[in-house]
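Let me begin by presenting the structure, written as structure tokens, before commenting on it.
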Number of protein chains: 2
Amino acid sequence: MDIREATREDFERIWPIFKEVAQAGDTYAYPRDIGKDEAARLWMDAPRKTYVCEADGRLLGTYYLKTNQPGPGAHVCNCGYMVASNARGRGAATAMCEHSQEQARRLGYRAMQFNFVAASNETAVRLWTRLGFATVGRLPGAFLHPSRGYVDALVMYKTLAP
Amino acid sequence: MDIREATREDFERIWPIFKEVAQAGDTYAYPRDIGKDEAARLWMDAPRKTYVCEADGRLLGTYYLKTNQPGPGAHVCNCGYMVASNARGRGAATAMCEHSQEQARRLGYRAMQFNFVAASNETAVRLWTRLGFATVGRLPGAFLHPSRGYVDALVMYKTLAP
């Protein structure tokens with residue numbers, strides 16, 4: 001498994017993963033009918049860095065890293081990770097999260113924050129917890145899940161050792 | 001005291017307030033040296049609505065209202081309020097926060113969230129608490145205060161009665 005910075009050309013292979021995740025509507029705060037251009041803007045242009053995770057020439061997943069708040073909050077970064085549905089269970093999310101923490105330290109960030117983790121996304125919550133993230137906030141009913149209705153969203157946070 | 005939607009022309013009078021607040025660096029996550037055009041983009045263009053609070057023809061304060069997260073989070077709004085330093089203690093913040101909750105309900109939002117309240121900003125924390133906001137999250141050391149160093153940032157949240 002190899003993780004490297006994404007190029008603009010990679011977006012052709014990122015888009016099917018993004019589309020699948022957004023359409024499911026149960027993990028990310030993106031419109032379910034988001035278009036390709038807007039997705040490219042959010043995933044490739046707005047972040048500070050975007051990465052892809054590959055194995056045997058195949059794209060397993062992707063993540064972005066960005067500054068979570070400007071000015072007095074600029075020492076904390078935010079990341080988002082997506083794994084192709086047919087590539088789950090191979091450790092891509094773990095590998096990308098660990099990679100992102102290294103990159104974040106290298107870029108000088110002191111902490112990493114996830115702003116909006118659906119509490120119903122138990123796989124993700126368990127994984128981030130195992131990787132050292134603490135649940136530091138709970139937003140009551142802030143996430144409208146497509147089948148469960150309003151569920152809480154969690155704020156998760158990890159201070160990065162220098 | 002009168003609160004109304006801001007026009008683009010109002011920004012000439014908003015900018016001195018914005019600049020003063022950003023330069024102080026102790027409340028908002030904006031770069032302290034932010035320029036006028038970027039401020040206009042963030043305060044006038046990016047939000048869904050921007051308002052001004054006036055008395056006797058003078059601008060006391062301003063606030064914006066926006067959707068905090070798209071898609072599954074789009075029923076929760078976010079607001080930010082600024083009061084001119086020489087207009088403090090007249091209840092402008094309270095009036096704007098109450099006004100914003102009415103506007104939010106009218107626009108169909110079910111909750112209001114403040115993402116990044118410096119815990120050192122005790123006046124604000126006390127005020128939002130009095131106005132019904134709960135502290136639902138605490139981000140350790142997420143706010144770099146100009147004199148106190150790294151202080152916690154709070155996430156505050158209020159469910160709006162329909």
Side-chain angles (χ1 to χ4, degrees), chain A residues 21-34 38-39 42 67-78 109-121 133-160, chain B residues 21-34 38-39 42 67-78 109-121 133-160:
Chain A
V21 169
Q23 278 183 349
D26 55 354
T27 56
Y28 269 85
Y30 294 131
R32 294 176 75 179
D33 60 353
I34 191 167
E38 174 67 359
L42 290 172
T67 301
N68 201 41
Q69 298 278 0
H75 56 288
V76 181
C77 68
N78 164 251
Y109 292 105
R110 300 172 58 102
M112 188 179 290
Q113 179 175 333
F114 303 148
N115 299 307
F116 203 66
V117 182
S120 52
N121 189 357
F133 287 79
T135 299
V136 298
R138 177 176 281 264
L139 313 168
F143 193 100
L144 181 53
H145 188 280
S147 60
R148 302 193 199 186
Y150 294 102
V151 300
D152 295 348
L154 308 181
V155 183
M156 302 187 76
Y157 196 91
K158 182 176 181 176
T159 300
L160 301 173
Chain B
V21 169
Q23 277 182 348
D26 55 353
T27 57
Y28 270 84
Y30 294 130
R32 294 176 75 179
D33 60 352
I34 191 168
E38 174 67 359
L42 290 172
T67 301
N68 201 42
Q69 298 278 1
H75 57 289
V76 181
C77 68
N78 164 249
Y109 292 105
R110 298 170 59 100
M112 187 179 290
Q113 180 174 333
F114 303 148
N115 299 307
F116 204 66
V117 181
S120 52
N121 189 357
F133 287 78
T135 298
V136 299
R138 177 176 281 265
L139 313 168
F143 193 99
L144 180 53
H145 188 281
S147 61
R148 301 194 200 186
Y150 295 102
V151 300
D152 294 349
L154 308 181
V155 182
M156 302 188 75
Y157 196 92
K158 181 177 182 175
T159 300
L160 302 172

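Just so it is clear: chains get the letters A, B, ... in the order the sequence lines come, proteins before strands, and each one is counted from 1.
Note on B:Asn68, B:Leu139, B:Val151: by heavy-atom pairs under 4.5 Å with chain A, the leading option is B:Leu139. Counting heavy-atom pairs closer than 4.5 Å to chain A, the top residue among B:His145, B:Arg32, B:Arg138 is B:Arg138. Heavy-atom pairs under 4.5 Å with chain A were tallied for B:Gly137, B:Pro72, B:Gly71; the largest tally goes to B:Pro72. With chain A as the partner, the residue from B:Pro31, B:Pro70, B:Ala118 showing the most heavy-atom pairs under 4.5 Å is B:Pro70. Top candidate by heavy-atom pairs under 4.5 Å with chain B, chosen from A:Ala134, A:Gly141, A:Pro146, A:Ala22, is A:Gly141. Each of A:Ala111, A:Ala153, A:Gly73, A:Pro140 has some count of heavy-atom pairs under 4.5 Å with chain B, and the biggest count is that of A:Pro140.
Using a 4.5 Å cut-off between heavy atoms, B:Phe143 touches chain A through backbone and side chain atoms alike. For a residue to count as touching a neighbouring chain, one of its non-hydrogen atoms must lie under 4.5 Å from one of that chain's; by this rule A:Ala142 touches chain B with backbone and side chain alike. In this structure, the portions of B:Val136 lying under 4.5 Å from any heavy atom of chain A include both its backbone and its side chain.
Expressed to the nearest 0.5 Å, how far OH of B:Tyr150 lies from NE2 of A:His75 amounts to 5.5 Å.
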